[in-house]
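All figures in this text were calculated on a predicted structure; none of them were measured in a lab. Hydrogens, waters and symmetry mates play no part in the numbers below; they use all other heavy atoms, side chains included. Both counts, for ligands and for their atoms, begin at 1 and track the order of listing.
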Amino acid sequence: MNGFDKIPEERKRRLDELFEAFSVIGDDTYVYLCDMQYDFSRWSKVLTDAFGLPGEYMYGAGAIWEEHIHPEDRNAFHHGIDDIFSGKSGGHDMQYRARRKDGEYDVCTCRGIVIKDVSGQPEYFGGAIRNHSQQSHIDRLTGLRNQYGFFEDIRSHIDSKVPMRVCLIGISKFAEINELYGYAAGNSVLQGVGRYLMDHVGNRGGTFRMDGSKFAIITETQTYEDMESTYEGLRAHFREGIKLGDEYAPLELHAGTFALDDFTTDDQTVYSCLTYAYDESKFNKQGDIVEFCNNLRADNIKSTAKLHSIRNSINNEFDGFYLLYQPVVDAKTEKLIGAEALLRWKNDKYGMVPPDEFIPVLEKDPLFPVLGEWILHTAMTDAKKIQEILPDFIINVNLSYAQLERPDFTDSVWNIVKNTGFDPQRLCLEITERCRLLDMKLLNNVMTTLRAGGIRIALDDFGTGFSSIGLLKNLPFDTIKVDRGFVQKIEEDDRERRLVYNFTDAASIFGSDVCVEGIETSGMRNILKEMSIHSFQGYFYSKPVELGTIISGLKSELGEMCFKNP
Ligand code: C2E
Ligand code: CA
Ligand code: CA
């Protein structure tokens, strides 16, 4: 208690009563009240929590709070408080920056007055602190907290290790509503969803309006089943229709959810996991709620911590990432003509993590584009070393659909081509059928620009998604890569053979080459050699290997035939 007289019980009760009366003020203000005789105060718990003060009740709170004030604002604050306690001034009204628990400064205004007792002696000093940084976390349209508030809440749950369940909800075809009925209608839809969430989730968690037409919920109490039923209620309500102009139109939603009880992670990783589940709901589950990692709780814990490490590696100069190269051979001569770069990540704790485990989750992550650039840069630098021996060697690099969406994507490819001095005609970018999630006009533009500069484009995993033929028809691919799923049983299954034959037919109509992946046996090779296929790739020739293996193969007496099998 450091030299303060202990406040008597009945004075503390009185302070509490007054404090409660003071607290009947709006949500976004903090309240404080000080019994000046004992310099004993009570402060709003939200404030003491957010700024990491010792507790709601404090002796000598002024000096404690002063520690949290920005050094440049501290002097003014100190004099203001001195004047109040010395009786020179009857109140104060000031603005300063105060440091939160997480080290960030918030702009606060503080207004207080001195209440005197019957004899005219200062008895209480009380007032309100308004946090302006927090207020800007409010979405004006819906009155919900916005995404800054969302990320702040996630961080604070992680910091204080409080388990939570998060849910991200979006409205289907919202852009269409805006286009057809105007922005006012769009706004009222958003307000309607916001209102519903506030009414139905309100006291069981936080509700947020994220960017565009997305909403989020953070709760500490809801199970997956609770969240599913909240969401189904919302879905049923809006399916009945919302009034747009003169008509009622049904509103379709989609949602992803995610439970976090492992805290070695950060807010962005949580958001990436959540977005992944959300996209699953949107694109593959017709709006049914999807839980991250298919409800596999054990896996889930493993993967958030793992994903967090992987994200950290990106920030840590790509430590742990490396590329392997899988040879591609000419289907007729079986000579090496190129290789596909395949990403790997390894560290001491998790060993080698296959790319399928982290790329789909991270591809929408804000960090992914830098990793994408690193992959392109590394692959081209390595391929140049191979080209010293085999000048026509082509390097294939996989792209994520989210990379293509970025407005600076083509520029960044050209920069890397220029900086590495790579021949663009020897670069082939592979895109998967997930690119149908993108705007076709945009994709066509990107592809046309890249191809005009000589870069080749391949359609990866052909046949695995729907509308493969549709994509071929609409977009100019140099190569289609037939997924290994179509050739696995080609030796015994006649239908599979005919299917692949038809693929090669379709490709030739659209002027593309065909590469078949996943050749594992000489029998497969023999059958496929009869078809008009341009190149082969698969374990029969080689698994993905390190750069050095390709170089030493080429340097051996076998030369370009180094990956040919008997
Ligand atoms: P993908 O592009 O279809 O790559 C081919 C995958 O099939 C590779 O798995 C390869 O090791 C495997 N494979 C090749 N030949 C055979 C075979 O004969 N039999 C069998 N059973 N498998 C074979 P990997 O390296 O695990 O990569 C998986 C996926 O991860 C890739 O599928 C690709 O979609 C993604 N990926 C890998 N590297 C990158 C990258 O740098 N960027 C992006 N965006 N995605 C990548
Ligand atoms: Ca590929
Ligand atoms: Ca593939």
Minimum heavy-atom separation for [X] and [Y], please, with both atom names.
X	Y	value
Gly194	Leu144	CA-CD1, 3.9 Å
Ala383	Phe422	CB-CE1, 3.6 Å
Ile217	Thr207	CG1-CG2, 4.4 Å
Phe477	Ser512	O-OG, 2.9 Å

Name the closest protein heavy atom to [atom], giving the residue it belongs to and the distance to 0.1 Å.
atom	value
atom 15 (N) of ligand 1	Gln326 NE2, 2.9 Å
atom 18 (O) of ligand 1	Tyr539 N, 2.8 Å
atom 11 (O) of ligand 1	Pro544 CG, 3.4 Å
atom 44 (N) of ligand 1	Ser400 OG, 3.2 Å
atom 42 (N) of ligand 1	Asn398 O, 3.4 Å
atom 46 (C) of ligand 1	Ile359 CD1, 3.3 Å
atom 38 (N) of ligand 1	Leu343 N, 3.0 Å

Where ligand 1 meets [X] - atom numbers and elements under 4.0 angstrom, heavy-atom basis:
X	answer
Pro355	24 (P), 26 (O), 27 (O), 28 (C), 30 (O), 37 (C)
Asp356	28 (C), 29 (C), 30 (O)
Ile375	41 (O)
Glu520	17 (C), 18 (O), 19 (N), 20 (C), 21 (N)
Glu517	3 (O), 5 (C)
Gly538	15 (N), 18 (O)

Could you tell me how the ring of Tyr541 sits relative to the ring of Phe536: parallel (under 30°), tilted (30 to 60°) or perpendicular (over 60°)? parallel
Over 60° means perpendicular and under 30° means parallel, so tell me whether Trp374 and Phe318 are parallel, tilted or perpendicular. parallel
Is [X] near ligand 1, meaning one of its heavy atoms is under 4.0 Å from it?
X	value
Ile519	yes
Glu340	yes
Glu363	no

Check whether any protein heavy atom sits under 4.0 Å from atom 23 (C) of ligand 1. yes
Protein contact for atom 34 (O) of ligand 1 (heavy atom, distance under 4.0 Å): no
Side chain, backbone, both or neither: the part of [X] lying under 4.0 Å from ligand 1 by heavy atom:
X	answer
Gln537	neither
Arg484	side chain
Thr432	neither

Under 3.0 Å from the Ca ion (ligand 2) - does any N, O or S atom of Asn398 fall there? yes
Determine whether Leu450 and Val413 make a side-chain contact, defined as any pair of heavy atoms from C-beta on separated by less than 4.5 Å. yes
Selection from Asp461, Leu324, Leu342 by shortest heavy-atom distance to atom 10 (C) of ligand 1: Leu342
Would you call Lys346-Asp319 a salt bridge at under 4.0 Å N-O? no
Distance only, no hydrogens: is a donor on one side chain within 3.5 Å (strictly under) of an acceptor on the other, for Asp153 and Ser156? no
Going by chain and residue number, what protein N/O/S atoms come nearer than 3.0 Å to the Ca ion (ligand 3)? Asp460 OD1, Asp461 OD1, Glu517 OE1, Glu517 OE2
Distance under 6.0 Å and angle within 45° of ring axis: Lys214 vs Tyr278: yes
